[in-house]
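All remarks here apply to the structure that follows.
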Amino acid sequence: MATDYAEIAKDVSALKAPPNLADYADLRSSWNWDEIWAELDTPDGLVNQGHECIDRHATGARANKLAMIWQSQDLAVEEYTFADLKRETDRAANALRSVGIEKGDRVFFLSDRIPELYFAFFGALKLGALAAPLFSAFGPEPIAERVGRADGKAMVTTPKLLSKVDAIRDDLPSLETVIIMDGREEHELADRDISWSALIADASDDFEIEKTGSEDWSVMHFTSGTTGLPKGAAHVHNTVVSHYATGKYVMDFQEEDIYWCTADPGWVTGTSYGMFAPWSNGVTQVIDEGGFGARRWYETITRFKVTVWYTAPTAIRLLMRSGADTAREHDLSSLRYVMSVGEPLNPEGVVWGLDAFDLPIHDNWWQTETGAIMIANYPSMPIRPGSMGRPFPGIHAAIIDDEGNEMTEPMAEGQLAVRPGWPSMFRTYWNDQERYDSRFQMGWYLTGDKAKRDADGYFWFVGRDDDVINTAGHLVSPFEVESALIEHEAVAEAGVIGKPDDLAMEVVKAFVTLNEGREETRELMRDLNRHCRERLGPAVAPREIQVIEILPKTRSGKIMRRLLKARELGLPEGDTSTLEDD
Ligand code: PRX
């Protein structure tokens with residue numbers, strides 16, 4: 001269906017600075033990860049994400065360049081240069097060391113987006129500890145599950161969130177230390193808690209980074225999967241090589257950019273692209289403590305003259321809901337490049353960017369496990385709306401069949417797989433090596449996603465391996481149906497599942513939420529059904545469409561089709577720890 005939209009090509013010849021990736025084919029054929037490594041600062045082969053992102057800029061020409069522009073919930077602003085970041089993170093590293101944190105220890109973070117979170121996080125990395133961020137909206141159960149799974153030694157949190165930790169800490173024998181970042185809120189300390197401000201007040205800002213090699217642990221993110229308990233995908237310091245490279249060639253970072261990634265560091269996008277990619281490239285980034293709000297977001301872009309913006313399809317759909325006119329009421333002329341990730345970006349969303357910002361939205365694809373972007377649309381390459389783009393130059397991605405053979409025929413559907421060995425590949429699922437090993441088979445890393453590749457090497461997402469609907473022998477992509485549904489002017493969001501059926505095995509069932517001011521009427525439902533049949537044909541169009549108030553989503557914004565399905569079938573809902581409205 002996406003092919004209805006014309007390819008969008010941008011004339012890059014008139015740009016002030018040519019894109020870093022000027023010629024895809026050329027860069028791909030000459031790609032050499034060793035050359036990327038050589039652009040970093042790795043004395044004696046040692047690499048530390050703290051050094052690459054902060055210290056190497058703090059002592060050079062970028063020392064007084066702004067690294068972080070922080071906007072608080074109530075719109076106060078604080079600014080930190082790379083030299084400031086070095087001082088604060090060195091101090092944080094000493095503070096953590098003073099309470100017994102050592103190389104290899106798992107340090108968890110449960111905090112809103114305040115500067116101290118970033119200082120403490122990089123302090124842990126400089127110390128060689130494994131930094132494991134949690135999403136601040138988690139309740140006690142998911143926190144206990146994750147800390148327990150990785151034998152977390154310390155938790156760094158804030159007064160506001162402490163009660164969630166207190167609720168479970170006695171059940172977690174490994175959790176020796178709870179540190180409260182108490183500088184911004186009044187807080188009365190319990191005897192067993194440690195005050196971050198007191199630690200910092202006593203800490204020197206002179207710190208020698210732990211000698212970490214490329215295979216030393218750095219960051220761990222928990223990822224839910226569609227079933228089962230969360231898995232701790234652990235990464236190593238070498239990951240920064242991919243962060244730097246994708247920052248340079250996908251985000252197209254230029255020295256003067258003001259970059260904004262809207263993701264929270266509780267999720268991998270918020271660390272890989274809200275910390276490591278911009279700062280390893282020496283780029284200034286905006287961090288907003290506040291959450292989504294169309295006006296707040298547009299005002300943030302205007303206020304800080306954001307040039308490069310990385311966000312998520314759900315956010316784009318919410319912005320679409322508030323209308324392109326709302327965008328047009330703001331001066332967004334600083335923006336030069338907009339990207340999104342995390343779930344399929346409907347072709348309509350790509351094209352809506354042209355209406356709202358005069359810029360198409362560039363989709364890219366990756367996973368917690370891949371650590372960095374694997375497939376992307378690039379500024380110098382025409383966009384095919386609905387496609388995730390082409391593999392990053394140093395990455396061999398393929399569509400494979402069940403035997404691990406590459407399916408070279410255009411638009412053949414199979415599993416999306418990647419040849420192992422890229423720098424940011426996860427190195428284990430913590431305490432679950434067996435599950436890790438099961439992801440590597442037949443010489444491939446198996447992503448668990450289904451996709452297609454067209455004749456020109458663009459990849460098209462079909463769905464998670466377990467979400468694809470089989471109706472009367474025809475495979476139907478829920479994404480395709482959802483895209484069609486949200487093209488209807490009354491529909492805000494859509495989630496589509498396969499509903500078991502005696503005759504056809506499964507039929508397509510759609511759940512939709514409506515735009516503000518729209519109501520479920522017989523006319524509307526008739527019109528929606530007609531629209532789908534027209535757009536998709538009778539074999540693919542949903543057999544049933546049901547209007548609901550809210551679609552269940554993961555905290556990172558992905559529609560949880562499995563939950564829709566479980567509810568539809570009256571089955572147990574499984575692990576709902578990442579749900580938005582649990
Ligand atoms: O199914 C794919 C979907 O999100 C999964 C990865 O989710 P997570 O590990 O939480 O990583 C988030 C960091 C991106 C993928 O297996 N996904 C991600 N990007 C896209 C996508 N699906 C479609 N299009 C994308 N661009």
Side-chain angles (χ1 to χ4, degrees), residues 2 133 135 219-228 230-235 239 242-243 246 250-251 261-277 310-317 338-347 349-350 361-378 383-392 397 415-418 424-426 429 439 445-453 458-468 477-480 482-483 495 553-562 577-579:
F135 190 50
V219 174
M220 174 154 51
H221 278 283
F222 286 80
T223 175
S224 301
T226 35
T227 53
K231 307 158 276 179
H235 291 276
T239 304
S242 292
H243 294 151
T246 51
V250 180
M251 320 236 115
C261 168
T262 59
D264 186 88
W267 306 107
V268 70
T269 308
T271 56
S272 291
Y273 294 96
M275 293 180 176
F276 305 123
Y310 197 25
T311 189
T314 294
I316 290 163
R317 288 194 289 270
V338 186
M339 292 160 290
S340 96
V341 76
E343 46 172 325
L345 177 62
N346 315 79
V350 178
I361 295 163
H362 289 67
D363 188 24
N364 51 60
W365 178 96
W366 57 291
Q367 301 178 309
T368 303
E369 288 86 347
T370 70
I373 294 168
M374 297 282 104
I375 296 176
N377 287 285
Y378 308 87
I383 297 179
R384 297 186 177 169
S387 157
M388 309 185 287
R390 294 157 93 183
F392 187 72
Q415 176 156 199
L416 178 57
V418 184
S424 63
M425 191 177 86
F426 72 135
Y429 285 131
R439 301 295 297 268
Y445 163 66
L446 306 179
T447 69
D449 280 354
K450 292 255 184 205
K452 306 175 191 176
R453 186 181 50 200
Y458 284 73
F459 282 73
W460 299 75
F461 185 78
V462 174
R464 302 279 298 197
D465 217 353
D466 42 9
D467 275 341
V468 175
S477 149
F479 170 53
E480 210 169 30
E482 287 159 5
S483 287
K553 295 211 195 94
T554 64
R555 295 213 185 273
S556 55
K558 281 194 267 299
I559 292 169
M560 293 189 88
R561 299 189 190 110
R562 79 168 169 88
S577 61
T578 56
L579 270 186

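Whatever order the structure lists them in is the order used to number ligands and atoms, beginning at 1.
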- prompt: So, are Glu482 and Arg317 salt-bridged, with charged N and O less than 4.0 Å apart?
  reply: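 No, no charged N to carboxylate O under 4.0 Å.
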message: Between the side chains of Lys553 and Glu343, is the shortest nitrogen-to-carboxylate-oxygen separation below 4.0 Å, so that they form an ion pair?
response: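 Salt bridge flag = no for Lys553 with Glu343.
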message: When you compare the side chains of Tyr273 and Thr246, does any donor N or O come within less than 3.5 Å of an acceptor on the partner?
response: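 Yes.
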message: Quick check on contacts: which atoms of ligand 1 are under 4.0 angstrom from a heavy atom of Thr269?
response: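 Selected atoms, number and element: 13 (C).
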Where's the contact between [X] and ligand 1, heavy-atom distance under 4.0 Å: side chain, backbone, both or neither?
X	answer
Glu343	backbone
Asn364	backbone
Phe461	side chain

- request: Would you check whether Lys558 reaches within less than 4.0 Å of ligand 1, judged by its heavy atoms?
  value: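 Yes, Lys558 has a heavy atom closer than 4.0 Å to ligand 1.
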Where the closest heavy atom to [atom] is concerned, which of [options] has it?
atom	options	answer
atom 19 (N) of ligand 1	Gly342, Gly270, Ser387, Gly448	Gly342
atom 12 (C) of ligand 1	Val268, Leu416, Ile375, Val341	Val268
atom 11 (O) of ligand 1	Thr447, Thr370, Thr368	Thr368

query: Does Tyr378 have any ring-ring contact (aromatic ring centres under 6.0 Å, His included) partners at least two apart in sequence or in another chain, and if so, which?
result: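 Result, ring-ring contact (aromatic ring centres under 6.0 Å, His included) vs Tyr378: Tyr24.
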task: Please list, chain by chain and in numerical order, all residues satisfying salt bridge (charged side-chain N to carboxylate O under 4.0 Å, His left out) with Arg384, sequence neighbours excluded.
output: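 For Arg384 the salt bridge (charged side-chain N to carboxylate O under 4.0 Å, His left out) partners, ignoring immediate neighbours, are Glu7, Asp454, Asp456.
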message: Before you tell me yes or no, could you show the steps for Phe479 and Trp460 under side-chain contact (heavy atoms from CB on, under 4.5 Å), namely the whole-Å CA-CA distance, both residues' side-chain angles and the distance that decides it to 0.1 Å?
response: CA-CA 11 Å; Phe479 170 53; Trp460 299 75; over 6 Å; no
